[in-house]
J.: 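Can you read through this structure? Questions will come right after.
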2 protein chains.
Amino acid sequence: MSTPSPASATDAAEPAHRSTREQILGEALACFAQSGYEGTSLNDIAAGVGIRRPSLLHHFGSKEALYQEVFEHLLSDWFERLASAIGAPGRGWDKVELVLRAGFRFFADNPSYVRMVRREAIDGGQHLAIDLASVLRPMFDLAADYFEREMESGNFVPQDARQLLITGYGALLSYFSDEPFLEGLLDVAPLSESALSAREEHIVAFFHAALVP
Amino acid sequence: MSTPSPASATDAAEPAHRSTREQILGEALACFAQSGYEGTSLNDIAAGVGIRRPSLLHHFGSKEALYQEVFEHLLSDWFERLASAIGAPGRGWDKVELVLRAGFRFFADNPSYVRMVRREAIDGGQHLAIDLASVLRPMFDLAADYFEREMESGNFVPQDARQLLITGYGALLSYFSDEPFLEGLLDVAPLSESALSAREEHIVAFFHAALVP
DNA sequence: CTGTCTGCCTACCGACCAGTAGGTAGACAG
DNA sequence: CTGTCTACCTACTGGTCGGTAGGCAGACAG
């Protein structure tokens, strides 16, 4: 990595005292999000924590193992939050809005993770032990079925459900993954609370307009 | 790069005989799109062309220079195509549809380039000599003004024009940049002609629904 | 006090990187 | 035949990478 260290991205909250292991996970998330897998060296991460590389490798057996632990830990957090939104009562548009907002808020809380996911989506999951598409596909199919049922019932405007999901995926992720680019395109910081809520309301309104007759 | 070489992505058409220089540019585009700047070594590119690394460096002074030439060459192609769509006659929704389709078709013709652009958007343009956001911003502001005028005239549904543009950006780019991921999520190859035209029609219909009263 | 475990260190390894030095074979000009 | 230019080569440089070997200091148990 060329730039020394992002020190700490603004993701999530951090308790006053974290174990070295947790500090490594946090710094690794920031570095991998900032510079990608190949662009991040273990020295960068170790320096951000204030230890040497061999000490880091005392906690995580390899660079790959560290990367996968960061990725899969946050993936399961995301799944948990999504599942609780899906499990919540509600139907029709209300449920879509709930899931949309839950996804948005998770991404807003973990922008670095969105950038990691996006990098893997571009690469085809080169550095992952799991196949991201296979893991997400059941949820994708379930959502598509849900949309199709609501369209048939006349609650939603009929259209290609899978295309709609891909568009939603792009609308949600791109704002966070491309934040460094959007930073230069807009006059406000994309991750400021006011910009975030404007973005959230736009996404909800946009999908409402396209879905609800 | 771990995988030996994509040999040739399906981008654009290629004449029977290309100069070594052009072959290098083509192979570099494929490799940088596939594996990113840090993930691609000059050996990978040279091997794809069938020469050695020092011979490649005879044509391009450095890795950075090669990368920037690939990037800026396609950026100007994109600008040209966009400008001709913007300059074409038409107003209101027809013009939006024209620009949307022109953008989509350029991306469909150059999927590798979309992946390069997306990587730079995530990185914040670390490997570029130019500032991508600054270059694109005049066009972004022009488009926002156009939408706002049409909304005031009552031709478009009133909404946040800049948010709309960001959503359009995400809808167009994500389908191509994340093609390796979508490949595993869908049953059809995302870049097959039938899938492409389905995607194009969905995007056009989706924005029509959100914009036109 | 002694043995063991944890967390960190310095010093090193082989592999690979981008880039350079210097040479060669062929085309073409005079 | 000679000089020059282009396109390529092998061989090397300094530097960085991930990972390993081995040691050391402190905590804690018996």
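The chains referred to below are lettered A, B, ... by the order of the sequence lines, with proteins before strands, and numbering in each begins at 1. Excluded from the calculations below are hydrogen atoms, water molecules and symmetry mates; all remaining heavy atoms, backbone and side chain alike, are included.
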J.: The side chain of B:His59 is closest to which nucleotide in this list: D:dG19, D:dC8, C:dG19?
T.: D:dC8

J.: Just verifying a value: how many Å separate B:Leu74 CG and B:Met116 CE, rounded to the nearest 0.5 Å?
T.: 8.0 Å

J.: Between B:Asp187 and A:Arg137, is there a salt bridge with N-O shorter than 4.0 Å?
T.: yes

J.: Just to confirm, is there a sub-4.0 Å distance from OP1 or OP2 of D:dA7 to any side-chain nitrogen or oxygen of B:Ser55?
T.: no

J.: Between B:Lys63 and B:Tyr37, is NZ or CZ placed under 6.0 angstrom from the six-membered ring centre and within 45° of the ring axis?
T.: yes

J.: Hey, does the side chain of B:Thr20 come within less than 4.0 Å of D:dC8's phosphate (OP1/OP2), counting only N and O?
T.: yes

J.: Nearest-Å distance, CG (B:Asp44) to C1' (C:dA15)?
T.: 14 Å

J.: On the nucleotide C:dC8, are OP1 or OP2 found under 4.0 Å from the side-chain N or O atoms that A:His58 carries?
T.: no

J.: How close or far is atom C1' of C:dC8 from atom CZ of A:Arg21, stated in whole angstroms?
T.: 16 Å

J.: To the nearest Å, give me how far apart CG (A:Asn43) and P (D:dT16) are.
T.: 10 Å

J.: If the cut-off is 4.0 Å, is A:Ser41 near the phosphate of D:dT16, judged by side-chain N/O to OP1 or OP2?
T.: no

J.: In terms of side-chain heavy atoms of B:Pro54, which of C:dC17, C:dA21, C:dT10 is nearest?
T.: C:dA21

J.: Select one nucleotide: of C:dC9, D:dG19, D:dC9, the one nearest the side-chain heavy atoms of A:Ser62.
T.: D:dG19

J.: Of the nucleotides C:dG19, D:dC8, C:dT10, which has the atom closest to the B:Lys63 side chain?
T.: C:dG19

J.: Flag the pair B:Glu193 and B:Arg105 as a salt bridge only when some basic side-chain nitrogen lies within less than 4.0 angstrom of an acidic carboxylate oxygen.
T.: yes

J.: May I have the distance from B:Leu57 (atom CG) to D:dT10 (atom C1'), rounded to whole angstrom?
T.: 15 Å

J.: For a side chain to side chain contact (heavy atoms under 4.5 Å, CB included) with A:Leu211, tell me which candidate from A:Gln159, A:Glu150, A:Glu97 qualifies.
T.: A:Gln159

J.: Can you see if the side chain of B:Arg53 gets near the phosphate of C:dG19 - specifically, an N or O under 4.0 Å from OP1 or OP2?
T.: no

J.: Over how many whole Å does the gap from B:Tyr67 atom OH to C:dG19 atom C1' extend?
T.: 20 Å

J.: What integer distance in Å separates A:Leu42:CG from D:dC17:P?
T.: 9 Å

J.: Output the rounded distance in Å from CD (A:Glu38) to C1' (C:dA18).
T.: 16 Å

J.: For A:Phe60 and D:dT20, give me the distance from atom CZ to atom P, rounded to whole Å.
T.: 16 Å

